[in-house]
*Asks:* 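Have a look at this one before I ask anything.
Naming convention: chains lettered A, B, ... in sequence-line order (proteins, then strands); numbering from 1 in each chain. Side chains are part of it too, since the values below use all heavy atoms of this structure and drop only hydrogens, waters and symmetry mates.
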Amino acid sequence: MVTAPPPPASASPTWCVLGREAGGRTRLLVLDGDGRSLGTEEVAADGLPALVARREEEHAPRWVWSDAAAWYPRLLAAGVRLERCHDLRLIHRILCHSELVEDASSLRAATEWETPLDPHEPVRDQGAALFELDAAAPRSGAVPSETEETWAEFTRQRAAIDGAHDPARLRLLVAAESAGALIAAELQAAGIPWDVAEHDRILTVALGPRPSPGTPPSKMVAAGAEVRAALGDPLVPLESPPKLLRALHRAGIDVPSTSQWELQQHEHPAIEPLLRYKKMSRLLTANGWTWLDEWVHEGRYRPVYVPGGVVTGRWASSGGGALQIPRQLRPALRADPGWRLISADVSQLEPRVLAAMSADAAMIAAGAGKDLYSGIVEARIVQTRQEAKIGVLGALYGGTTGDSGRVVPRLRRNFPAAMALVDGAAATGERGGTVTTWLGRSSPAPGEDWTRAQRTANQPDVAAGQQEAARRSARERGRFTRNFVVQGTAAEWALSWMAALRLQLARFEEVPESAAAAASGPVFSLRAHLAFFLHDEVIVHAPAEQAEAAATAIRDSADAAGRLLFPGSAIDFPLDLGISERSAEK
DNA sequence: ACGAAGGGCGCG
DNA sequence: AAAGCGCGCCCTTCGT
């Protein structure tokens, strides 16, 4: 262990920077609040969890590392949980593009921080890759150590944030994004408690008993036979859209594609069994027995979450389709014996975020304490809740046709500030400009092809078709930027919500080991903990006696997130919350 | 032969 | 119902 000269008495450790060094050793760099070094330590890989645990207990620093995804799972496996971190790779992406950052040139030059982590690649190999990349292209002679590279990037990021147009907002974003990185790792480690027998029961009811491998389930075979009989075509392959489409045409069903909603427009004996077949086929291939075998072990489904995986800042997932679990399978989410699932989703998160961002008093009032869509009906802006929903979604997504095209102008009259915000974002996007979320995540610049097409279309004597294509792609980009500001800010709200919730739950008392010993799955935590996240919804897995407290924490955290992002705003974020042994069917 | 692209559909 | 945004994953077909 190497120790620097003793620090001045006033300095308190604030940051702990981790980096890997030669021989599989890890170096820890302790910094004070101004970024001055207070000392270093070095340990072999197997000593890291103990070292980190000791520092966390002593002064709960903010851990600075290349990625939570690379470091945290091993610590979690050793039972070490951390409060806060700074995820350099995730923050690098944000800062490089944020309009709030005055000068991102030095960050952009540090290209080794650009590469997104492959969520499936073994962590060890990826760490080595970062190191070797530097070794292959050394600056001015000596190869810097990974710890020094990490510190250097951290210094660049701090400078970018401190010099930003609105550092306070950017700091919130950095904290929320980094907390998300911790949460994603914890969610994967915890897993979703999954009832394999219930899942199998649902599959059996829908498809028939599990068939032998390579054989379709009985109910699919039967439905397929009905379709082929009704089409008078005993061989048509139902899984091949082009061939199925031709068979439908031959049978006199004039559809432009084989999608469900096109088929539903038509009356024909083949339609009903075909729709039934498609439903079954989807369930079988996406979440059938094969999925169960592959993804659920020891009563836990462990999806791979990818924080910041979507340009807007939403999470993505990789493998297992964590964010697309069909509602049909929700009953398979089941708490351990003696435990409960507390499911909570935010009602109309995106419209509420828009109302708050734009400080649109009428829209905020429409949502106050209740269903926003009903509030719009009560304000006599539209006749029905359905109309309100279609109109609001049209406003967020840029709908211009059909019902949404008819309702949006009414919203524009009644919610002028909210509509001006999204209309402005759309106009900026159509011009090729950049838009930015509430906390400072900016949309990507348009591609070269897009810009060239727009330039070309503006010149005289350009073919009408080319002009129309350019206008269409301009409108498409406008719809993207229109939605970006709202979807991205909603993602920031949701991260803030979870970050606050996670810290509250971490302060819950542990329950006696015996209560958890009865659990059907491996124990992640002896207290209430997050088990699932889906854009505007969380599920907490909690000992029964902590369920009410967890529900309160979920609500309090939602309020806290609202105040954090929109201080002084009257906006509220009501939750739809339920406590049960199974995740409620909606 | 193999990866990219596209249809289709699940989620918010 | 989709429409209008953002995804991931399965399957087949297309292109090299």
*Asks:* Does A:Trp261 or A:Ser317 map to a spot on DNA chain C nearer the 5' end, using the closest nucleotide for each?
*Replies:* A:Trp261
*Asks:* Identify all side-chain donor-acceptor contacts of residues 553-560 of chain A below 3.5 Å with residues at least two apart in sequence or on another chain.
*Replies:*
unit_1, atom_1, unit_2, atom_2, d
A:Ser557, OG, A:Leu501, N, 3.3
A:Ser557, OG, A:Ala553, O, 2.6

*Asks:* So, does A:Thr428 use its side chain to make a donor-acceptor pair with the main chain of A:Gly433 at under 3.5 Å?
*Replies:* no
*Asks:* When you check the phosphate oxygens OP1 and OP2 of B:dG8, does a side-chain N or O of A:Ser257 lie under 4.0 Å from one of them?
*Replies:* yes
*Asks:* Can you list, by residue number, the residues of residues 197-213 of chain A that have a non-hydrogen atom closer than 4.0 angstrom to DNA chain C?
*Replies:* none
*Asks:* How close or far is atom C1' of B:dG7 from atom CD of A:Glu262, stated in whole angstroms?
*Replies:* 13 Å
*Asks:* Check the pair A:Trp497 / A:Phe533 against ring pair (Phe, Tyr, Trp, His ring centres under 6.0 Å), numbers first and verdict last.
*Replies:* CA-CA 11 Å; A:Trp497 180 34; A:Phe533 169 58; 7.6 Å; no
*Asks:* Considering only heavy atoms and no angle criterion, is a donor-acceptor pair shorter than 3.5 Å present between the side chain of A:Arg327 and the base of B:dG10?
*Replies:* no
*Asks:* Residues from residues 412-437 of chain A sitting under 4.0 Å of DNA chain B, heavy atoms only?
*Replies:* none
*Asks:* Determine whether the side chains of A:Glu239 and A:Tyr277 contain a donor N or O and an acceptor N or O closer than 3.5 Å.
*Replies:* yes
*Asks:* For B:dC9, take OP1 and OP2 only and decide whether either is under 4.0 Å from a side-chain N or O of A:Lys278.
*Replies:* yes
*Asks:* Which part of the nucleic acid, if any, lies within contact of A:Arg479, taking any heavy atom under 4.0 Å across all strands shown: a base, the sugar-phosphate backbone alone, or nothing?
*Replies:* sugar-phosphate
*Asks:* Do A:Thr481 and A:Glu430 pair up side chain to side chain, a donor and an acceptor below 3.5 Å, judged on atom types alone?
*Replies:* no
*Asks:* Describe the nucleic acid contact of A:Leu534 in one word from base, sugar-phosphate, nothing, applying a heavy-atom distance below 4.0 Å.
*Replies:* sugar-phosphate
*Asks:* Would you indicate what A:Leu349 reaches in the nucleic acid, counting non-hydrogen atoms under 4.0 angstrom: base, sugar-phosphate, or nothing?
*Replies:* nothing
*Asks:* Tell me if C:dG4 is syn or anti. Syn = glycosidic torsion within 90° of 0, anti otherwise.
*Replies:* syn
*Asks:* Please check this pair: side chain of A:Arg330 against backbone of A:Ser583, looking for a donor-acceptor N/O pair closer than 3.5 Å.
*Replies:* no
*Asks:* Do the charged groups of A:Asp293 and A:Arg210 touch, with an N to O distance under 4.0 Å?
*Replies:* yes
*Asks:* In whole angstroms, how far is the P atom of B:dG12 from the CD atom of A:Gln348?
*Replies:* 14 Å
*Asks:* Are the side chain of A:Arg89 and the backbone N or O of A:Ala68 linked by a donor-acceptor pair below 3.5 Å?
*Replies:* no
*Asks:* Does A:Arg93 reach the main-chain N or O of A:Gly308 with its side chain, forming a donor-acceptor pair under 3.5 Å?
*Replies:* yes
*Asks:* Mind pulling the stems DNA chain C is in, i.e. runs of at least three Watson-Crick or G-U pairs, everything under 3.5 Å?
*Replies:* B:1-12 with C:5-16
*Asks:* From CD of A:Glu537 over to P of B:dC11, roughly how many Å is that when rounded to an integer?
*Replies:* 12 Å
*Asks:* Is the distance from the ring center of A:Trp194 to that of A:Phe532 below 6.0 Å?
*Replies:* no
*Asks:* Under 4.0 Å, heavy atoms only, any strand: does A:Thr400 hit a base, just the sugar-phosphate, or nothing?
*Replies:* nothing
*Asks:* What about A:Trp493 and A:Phe566, are their ring centers closer than 6.0 Å?
*Replies:* no
*Asks:* When all nucleic acid strands are considered with a 4.0 Å heavy-atom cut-off, which category describes A:Val486: base, sugar-phosphate, or nothing?
*Replies:* nothing
*Asks:* NA contact type, A:Pro242, heavy-atom cut-off 4.0 Å: base, sugar-phosphate, or nothing?
*Replies:* sugar-phosphate
*Asks:* Just call it for A:Gln260: base, sugar-phosphate, or nothing, with non-hydrogen atoms closer than 4.0 Å on any strand.
*Replies:* sugar-phosphate
*Asks:* For A:Lys278, does the NZ atom have more than 12 heavy-atom neighbours from other residues, nucleotides or ligands under 6.0 Å away?
*Replies:* yes
*Asks:* What pairs with A:Glu198 under salt bridge (charged side-chain N to carboxylate O under 4.0 Å, His left out), at least two apart in sequence or on another chain?
*Replies:* A:Arg201
*Asks:* Starting at the 5' end of DNA chain C, which residue's closest nucleotide do you reach first, A:Asp403 or A:Gln487?
*Replies:* A:Asp403
*Asks:* Is the count of non-hydrogen atoms from other residues, nucleotides or ligands lying under 6.0 Å from A:His97 atom NE2 greater than 12?
*Replies:* no
*Asks:* Heavy atoms under 4.0 Å, any strand shown: does A:Ala316 hit a base, just sugar-phosphate, or nothing?
*Replies:* sugar-phosphate
*Asks:* Grab the CZ-P distance between A:Arg276 and B:dC9 for me, whole Å please.
*Replies:* 16 Å
*Asks:* Without decimals, in angstroms, what is the distance between A:Leu323 CG and B:dC9 C1'?
*Replies:* 15 Å
*Asks:* Do any N or O atoms from the side chain of A:Ser473 and from the backbone of A:Ala470 form a donor-acceptor pair under 3.5 angstrom?
*Replies:* yes
*Asks:* Does one side chain, of A:Glu99 or A:Thr436, offer a donor that lies under 3.5 Å from an acceptor on the other?
*Replies:* yes
*Asks:* Once you round it to whole Å, what is the distance between P of B:dG10 and CE of A:Met280?
*Replies:* 13 Å
*Asks:* Reading DNA chain C in the 5' to 3' direction, which nucleotide is the first one with an atom under 4.0 Å from a heavy atom of chain A, and which is the last?
*Replies:* C:dA2 to C:dT13
*Asks:* Using whole Å, report how far CD1 of A:Ile539 lies from P of B:dG12.
*Replies:* 11 Å
*Asks:* By the 4.0 Å heavy-atom rule, please label A:Gly309 as base, sugar-phosphate, or nothing.
*Replies:* nothing
*Asks:* What integer distance in Å separates A:Tyr277:OH from B:dC9:P?
*Replies:* 13 Å
